[in-house]
*Asks:* 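If you scroll down you'll find the structure; I have some questions about it.
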2 protein chains.
Amino acid sequence: MNTPLATQVSERLREDLLTRSLLPGQQIVQEALAERYGVSRVPLREALKELEAEGLVIHEPHRGYFVTELNAAEMAEVYSIRALLEADAIRRACKRLSDADLAHIDELRRAFEGALLHADLETIASANRAFHFAIFDACGLPRLVRLLRTLWDATDAYRSLYFQDSGTHEHICAEHLAHMEALTRRDAEGAVETQRLHRERSVLIVSSSL
Amino acid sequence: MNTPLATQVSERLREDLLTRSLLPGQQIVQEALAERYGVSRVPLREALKELEAEGLVIHEPHRGYFVTELNAAEMAEVYSIRALLEADAIRRACKRLSDADLAHIDELRRAFEGALLHADLETIASANRAFHFAIFDACGLPRLVRLLRTLWDATDAYRSLYFQDSGTHEHICAEHLAHMEALTRRDAEGAVETQRLHRERSVLIVSSSL
DNA sequence: AATGGAACGATTGGATCCAATATACACGAT
DNA sequence: ATCGTGTATATTGGATCCAATCGTTCCATT
């Protein structure tokens with residue numbers, strides 16, 4: 001393979017965090033995990049350093065890496081930073097969205113709806129991301145998008161249940177649709193608001209599990 | 001020493017980036033740098049992965065790490081994200097600043113003025129940070145502060161000249177003082193504005209070097 | 001002279017090995 | 001019985017060594 005192991009391992013780690021194969025608070029025993037991944041400890045440690053910089057794990061010298069636990073306040077903090085950055089990204093995106101962009105985004109929206117019906121958690125989550133980040137991407141600020149990605153990652157471990165309850169499926173789809181419509185109207189403030197509602201409802205569900 | 005080498009190395013790297021001992025665009029040859037730091041390549045590589053996650057260096061598989069180069073647009077992006085986050089941090093901080101906090105911050109402000117007169121670049125830069133981040137810290141959102149820190153780091157390599165020109169010293173001190181006064185009045189919007197002016201002038205100077 | 005390609009050298013990527021540190025447990029003193 | 005002390009073990013941290021990859025140079029061919 002061309003891509004370094006450390007990169008693959010960091011992907012795999014994110015996956016395991018999302019699917020709660022690694023639980024918040026849990027210690028990451030390097031040797032055990034390295035063996036499970038079929039690699040040595042070196043690339044694993046590099047991957048862990050990367051995730052540490054993103055706040056997904058914390059490192060205590062000579063004690064080890066632990067999956068970050070978020071309390072209610074920290075969860076709220078992540079979401080409030082998201083609120084700021086997403087609002088900005090959406091305002092900028094609205095000014096730049098081409099019709100082709102919109103068509104593409106709506107495609108992703110429908111793909112997500114499809115995934116909701118008959119796909120596993122990971123596929124659903126990734127389809128959801130694809131939809132939202134196609135919008136963020138249009139803001140034209142790659143660094144901002146990267147920050148948003150790490151913020152989304154930070155709460156991933158707690159979001160698994162968000163897509164579980166099928167009662168929320170309709171809510172989500174309705175919110176996505178409303179968001180889509182605001183974007184189509186190039187209604188920046190409207191889109192900021194639909195995204196806000198969408199996010200607030202998700203934080204409510206996610207927080208309930210704490 | 002108690003703290004791991006990888007941590008020390010990442011500190012040292014930031015230092016070398018700030019002081020332009022490592023220049024934007026330059027490749028980082030691991031073995032050479034490891035030897036210069038007196039460590040092996042392993043902790044160096046971990047440190048580099050950390051800095052990569054913060055955007056200070058970029059990694060090209062099988063080619064190596066390179067010090068990130070910012071063009072004008074990317075520089076503007078960093079500063080516009082800073083604008084968003086700093087405004088929020090300051091608003092929150094204003095509501096929470098105790099008199100003791102203010103006294104402490106003003107102390108740091110005076111310490112910075114002292115450093116300007118008779119200290120090297122690195123000391124000045126760190127005194128400046130101490131002042132601004134004492135304010136940010138008061139917002140009570142540690143993650144937000146951490147994000148701000150990495151954003152400041154991202155442009156550090158280009159800021160060295162900011163403190164060089166002694167003509168700007170008075171400007172900086174005046175701006176700090178105005179900021180301080182707004183904070184003392186607990187005038188959130190005023191403080192946001194003084195910080196904005198301060199930042200805009202700095203981006204102007206820094207951008208002129210591109 | 002220009003282009004394609006093979007071999008070499010330099011550098012990165014990964015694994016194994018050894019050292020340092022922290023935690024747990026047993027033991028003894030008060 | 002409780003607290004402190006020392007030892008043992010598991011785990012992390014770091015260095016060395018080997019393998020894989022990339023870039024360059026040199027040569028052959030057109």
Side-chain angles (χ1 to χ4, degrees), chain A residues 1-17 20-69 146 150 157, chain B residues 1-17 20-69 146 150 157:
Chain A
M1 181 63 82
N2 200 345
T3 96
L5 278 186
T7 311
Q8 300 177 40
V9 168
S10 95
E11 282 313 307
R12 177 72 190 278
L13 273 169
R14 284 175 221 278
E15 213 178 287
D16 283 354
L17 289 171
R20 300 182 76 80
S21 173
L22 294 170
L23 294 169
Q26 177 182 346
Q27 172 161 15
I28 293 174
V29 181
Q30 297 176 10
E31 184 140 23
L33 199 60
E35 189 180 9
R36 194 170 115 198
Y37 290 172
V39 300
S40 92
R41 281 175 49 215
V42 174
L44 173 60
R45 275 163 59 182
E46 290 185 50
L48 285 169
K49 261 280 172 288
E50 181 184 330
L51 297 213
E52 189 199 3
E54 297 174 5
L56 274 69
V57 300
I58 60 173
H59 176 75
E60 300 186 24
H62 294 113
R63 292 200 53 234
Y65 288 90
F66 299 80
V67 181
T68 323
E69 282 184 287
R146 227 178 82 182
T150 75
Chain B
M1 182 64 80
N2 201 344
T3 94
L5 278 187
T7 312
Q8 300 178 39
V9 168
S10 95
E11 282 314 307
R12 177 71 189 280
L13 273 170
R14 284 175 221 278
E15 216 177 285
D16 283 354
L17 290 172
R20 301 182 76 81
S21 173
L22 294 171
L23 293 170
Q26 177 181 347
Q27 171 161 15
I28 293 174
V29 181
Q30 297 177 10
E31 184 139 21
L33 199 60
E35 188 180 11
R36 193 170 115 198
Y37 290 172
V39 300
S40 91
R41 280 175 50 215
V42 174
L44 174 60
R45 274 163 59 182
E46 291 185 47
L48 286 169
K49 261 278 174 287
E50 181 184 331
L51 297 213
E52 188 199 3
E54 297 174 6
L56 274 69
V57 300
I58 61 172
H59 178 73
E60 299 186 23
H62 295 113
R63 292 201 51 233
Y65 288 90
F66 299 81
V67 180
T68 330
E69 283 184 287
R146 228 179 78 184
T150 75

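Predicted model only: the values in this text are computed from it and were never measured. Numbered from 1 within each chain, the chains take letters A, B, ... in sequence-line order.
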*Asks:* Please evaluate the base of C:dG14 for a donor-acceptor partner in the side chain of B:Arg45 within a cut-off of under 3.5 Å?
*Replies:* yes

*Asks:* At under 4.0 Å between heavy atoms, what does B:Ile28 touch on the DNA or RNA strands: base, sugar-phosphate, or nothing?
*Replies:* sugar-phosphate

*Asks:* Rounded to the nearest Å, what distance is computed from the CG atom of residue A:Leu33 to the P atom of nucleotide C:dA15?
*Replies:* 14 Å

*Asks:* Specify the residue among A:Pro61 and A:Pro43 whose closest nucleotide of DNA chain C lies further upstream toward the 5′ end.
*Replies:* A:Pro43

*Asks:* Are B:Lys49 and B:Glu46 ion-paired here, with the side-chain N under 4.0 Å from a carboxylate O?
*Replies:*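 Answer for the salt bridge query: no.
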
*Asks:* Using whole Å, what does the distance between atom P of nucleotide D:dG14 and atom CD of B:Glu46 come to?
*Replies:*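 My rounded result for the distance is 7 Å.
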
*Asks:* Considering only heavy atoms and no angle criterion, is a donor-acceptor pair shorter than 3.5 Å present between the side chain of A:Arg41 and the base of C:dG14?
*Replies:* no

*Asks:* Between B:Arg45 and A:Pro43, is there a donor-acceptor pair closer than 3.5 Å when you use the side chain of the first and the backbone of the second?
*Replies:* no

*Asks:* C:dT11 C1' sits how many Å from B:Glu35 CD, rounded?
*Replies:* 15 Å

*Asks:* Should B:Arg14 and B:Glu50 count as an ion pair when the cut-off is N to O under 4.0 Å?
*Replies:*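 B:Glu50 and B:Arg14: salt-bridged.
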
*Asks:* To the nearest Å, how far apart are A:Glu31 CD and D:dG13 P?
*Replies:*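 Rounded to the whole Å, the gap is 13 Å.
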
*Asks:* What's the CG-C1' distance between A:Leu44 and D:dG13, to the nearest Å?
*Replies:* 13 Å

*Asks:* For B:Gln27, which contact category applies under a 4.0 Å heavy-atom criterion: base, sugar-phosphate, or nothing?
*Replies:* sugar-phosphate

*Asks:* Starting the side chain at C-beta, find the nucleotide from C:dG14, D:dG13, D:dC22 nearest to A:Val42.
*Replies:* C:dG14

*Asks:* Using OP1 and OP2 only, check whether a side-chain N or O of A:Asn2 sits under 4.0 Å from D:dA20.
*Replies:*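 So the side chain of A:Asn2 is outside the cut-off, no N or O lying under 4.0 Å from OP1 or OP2 of D:dA20.
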
*Asks:* Would you indicate which nucleotide in D:dG13, D:dG14, C:dT23 comes nearest to any side-chain atom of A:His59?
*Replies:*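 Per side-chain heavy atoms of A:His59, the pick is D:dG13.
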
*Asks:* What's the spacing between B:Glu31 CD and B:Ser40 OG if we round to 0.5 Å?
*Replies:*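 Nearest 0.5 Å value for the CD-OG distance: 10.0 Å.
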
*Asks:* Has A:Gln30 got a side-chain N or O lying under 4.0 Å from the OP1 or OP2 atom of D:dA10?
*Replies:* no

*Asks:* Quick one: A:His62 NE2 to D:dG13 P, roughly how many Å, whole number?
*Replies:* 6 Å

*Asks:* Quick check for you: among C:dG13, D:dG13, C:dT23, whose closest atom lies nearest to any side-chain atom of A:Arg63?
*Replies:* C:dT23

*Asks:* Would you sort out whether A:Tyr37 and A:Asp16 count as a side-chain contact (heavy atoms from CB on, under 4.5 Å), showing the intermediate values?
*Replies:* CA-CA 11 Å; A:Tyr37 290 172; A:Asp16 283 354; 2.6 Å; yes

*Asks:* What integer distance in Å separates A:Leu48:CG from D:dT11:C1'?
*Replies:* 14 Å

*Asks:* Round to the nearest Å and state the distance from A:Tyr65 atom OH to C:dT21 atom C1'.
*Replies:* 15 Å

